[in-house]
Amino acid sequence: MINAQEILFKSVQKALKELYSIDSTNIVFQKTRKEFEGDFTLVTFPFIKEAKKSPEQVGQELGDYLVKNEKTVIAFNVVKGFLNIVLSDAFWLSYFNSVKDSSFIGFKKPESSGRTVMLEYASPNTNKPLHLGHVRNLLVGFSVAEILKANGHKVIKASIVNDRGIHICKSMLAWKKWGNNETPVSTGMKGDHLVGKYYVKYDQEYKKEIDYAQKTALQAWIKIWAKKPAKEGEISNQMIMLFAVMIFKLIQSFDQGKPKQLTEVEIDKLASGNVQDLEEEREEEFMDDAAHMFYNGLKKELEGKKLFYKIGTDGKKEFDEIFEFIKAKLPLVMEVQDMLRKWEAGDKETVNLWKMMNGWVYEGFDVTYKTVGVDFDQTYYESNTYILGKEIVQDGLAKGIFYKKENGSVAIDLRPEGLDEKVVLRSDGTSVYITQDIGTAIERFKQFPDLKQLIYTVGNEQDFHFKVLFKILEKLGYDWAKECYHLSYGMVELPEGKMKSREGTVVDADDLLGEMFTTAEETTKELGKVEGFNEDELKDLYHTIGSGALKYFILKVDPKKKMLFDPKESIDFNGNTGPFIQYTHARIKSVLRKSESSFEASLNSISFNALEREIIKHIYDFESVVEESGNTYSPALIANYVYELTKTFNKFYHDHSILKEENEDVKVFRLQMAKACSQTIANAMGLLGIKVPEKM
RNA sequence: GGCCUCGUAGUUCAAUGGAUAGAACGAAAGUUUCCUAAACUUUAAAUACAGGUUCGAUUCCUGUCGAGGCUACCA
């Protein structure tokens, strides 16, 4: 394509050499600001030292040289150290003629760069429906993938589904205990929402256990404390454990609907520090399987920890510390951990339950993905990949990249790199999260031998995780490691702060989308713009406008930055919004439909008015904006760009008539320009995953 | 405590070290015999603070104050 900056670069380089004997490759042009005449601006300050002249003088002399020697430059002006260069209408027209009929203005040819990248996004957990945070992930991920495609790369869109682990078991357990065999069909609920309901249920029930445990335990503790346990003014681990086990028993009685309290006798025994009796009693009296597991679990936790407390204070701090242990070992926790063990052991009933409930979730997710308009070329499941990475760690251990700690765990020391020490294998030989990330990354490069880069669309709370991951891969000797990129996006915050699923402050994705469609419908009806549409077309239109508003709202913000979303203030449809841009597109299309004459033939010469010139230059900029947004992984650049273009066109549309223009050449040009504009708008919006309507 | 982000109009967002810091919403005022008024025009309104580097700093450096995140043998 015709490149103005390249032409100017060469001429200025020559001019500097001839006029001042300066050899410079550091010549950068910026767009001339609207308030000055000109197309491109050269800042002359960098050259004044070597030229030994004032900025104004350098500007004047360079300008003279360009006008004389470069035919595309027809005029210039100098303001302080700024040389504003004016290119000829002929230049802009020839550029315009080269793109006016293209349907991929600004785009490189598909897969022309020869580069293959995998972009991972979405990455949901299968225990709850998607929320606003996921929506930003989906939109940013999808859009960046499209932008990279527009830059000529081959992009594999991938999702890794977090379908296993303790949090998945929570919803399974809760459904099993309290679900009454509910299904999406029996309840009419979307599958992911049904499963999410039981994830919340688990948490509520667990909270009840905690509350009761705390109340009961504190009462007993106060009594024990008041009796000042003997033993040199100290309370032993053993005693704490017995205490904890008794609390555990109480919670069981609570869960069975028959809450009990510790008896005075029991408290006396605990307080006296004479725990012999209780220990003997524990077998028959209160050590069933669950309690036994609890006892052993707690024993392991406390091993090696010094938990002797001096008497003297009110004992509250001590209680809190002990209670932290108890909290992590309550009956529901034990049960859910047991379920995970069964899942890992392949227990049939558990696996079947897991398959069934995950199936519900996938059906739900598919609906949401379809509504949002995102898709994947590859789907990975953690249940298949969580084992990966262990051998790699063993290899790395042999090579001395990792080391074994005294407790048997394997770790890497990244402190010299300014990071931290990181465990990559537990002392029992099981993997941690990063282990499988190491494994899956390597696996993907094996699966796709052409792969050059992995991009992870994950929130910025994981910045540290990815720094560590990439550094480890680099140390393991994979040269693609430095090509890996964490597409880190900021959190979406509500006016009252961060979203917390446990506190019910999340904005549900399906609800949000539904509201957007409704608002689009209401607004369209209010404006009386429903004529000429049938039912299906209208539904389509509301979907286009509603999701366009939401997508644009989210994508216009730099992904790296956190953003605020206020659900109470619904998203605007006026001003710097998706619908504004969609509206402009529809308006152009309406004009084009109404044009009776054809306007295909290229013009040989024309003189532009200021707005026409501005619009052509805007279209010209699109290609470099697409490049820049690809280089910086930023859909926001595209959003801001298309808004500016649209605004400029609207101004033109307001000030000048297209169809009623009397000069035939001008009319033809304006139609061509309008068409190119609508194409550019459609292309830009397409990169954001936003459709543009023919009419609205 | 350590590490990493971020502080721009009332609010939500812009500004490869460059000219007089741009928009939108909200506020105030205006535009419709004219291709779609989801539009257009006008007004008021901001770089947290203090230093430094530079011809030039919202941008780079240092410090203070303020907000958020990370800091697990969790995922």
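Everything numeric in this text was worked out from a predicted model, so none of it was measured. Per chain, numbering begins at 1; letters A, B, ... match sequence-line order.
Nucleic acid contact for A/Thr41: base, since at least one base atom lies under 4.0 Å from a heavy atom of the residue. At the heavy-atom level, A/Asp463 lies nowhere under 4.0 Å from the strands shown. At the heavy-atom level, A/Ile658 lies under 4.0 Å from base atoms of the strands shown. At a threshold of 4.0 angstrom between heavy atoms, the contacts of A/Phe573 include nucleobase atoms, whether or not backbone atoms are also involved. Within the 4.0 angstrom heavy-atom criterion, no nucleotide atom of any strand lies near A/Asp163. Using a 4.0 Å heavy-atom distance criterion, A/His656 is classed as a base contact. A/Phe580 comes within 4.0 angstrom of the backbone, heavy atoms only, and of no base.
The separation between A/Phe652 atom CZ and B/rC35 atom P is 15 Å, rounded to whole Å.
Considering only the side chain of A/His654, B/rC40 comes nearest among B/rC40, B/rA37, B/rC35. Out of B/rA75, B/rC40, B/rC35, the shortest distance to the side chain of A/Val432 is found at B/rA75.
Judged by ring centres under 5.5 Å apart and planes tilted less than 30 degrees, A/Phe82 fails to stack against the six-membered base ring of B/rG18.
As the counterpart of B/rA48, B/rU64 is assigned, both hydrogen-bonding distances of the Watson-Crick or G-U wobble pattern falling under 3.5 Å. B/rU54: no Watson-Crick or G-U partner with both key distances under 3.5 Å is found in any strand.
With hydrogens and angles left out, the side-chain atoms of A/Asn137 and A/Tyr489 include a donor and acceptor closer than 3.5 Å. One side chain, A/Asp163 or A/Ser383, offers a donor N or O that lies under 3.5 Å from an acceptor on the other.
For A/Lys405 and A/Glu421, the salt-bridge test passes: some basic side-chain N is under 4.0 Å from an acidic carboxylate O.
Taking the six-membered ring for Trp, A/Phe565 and A/Phe553 have ring centres closer than 6.0 Å.
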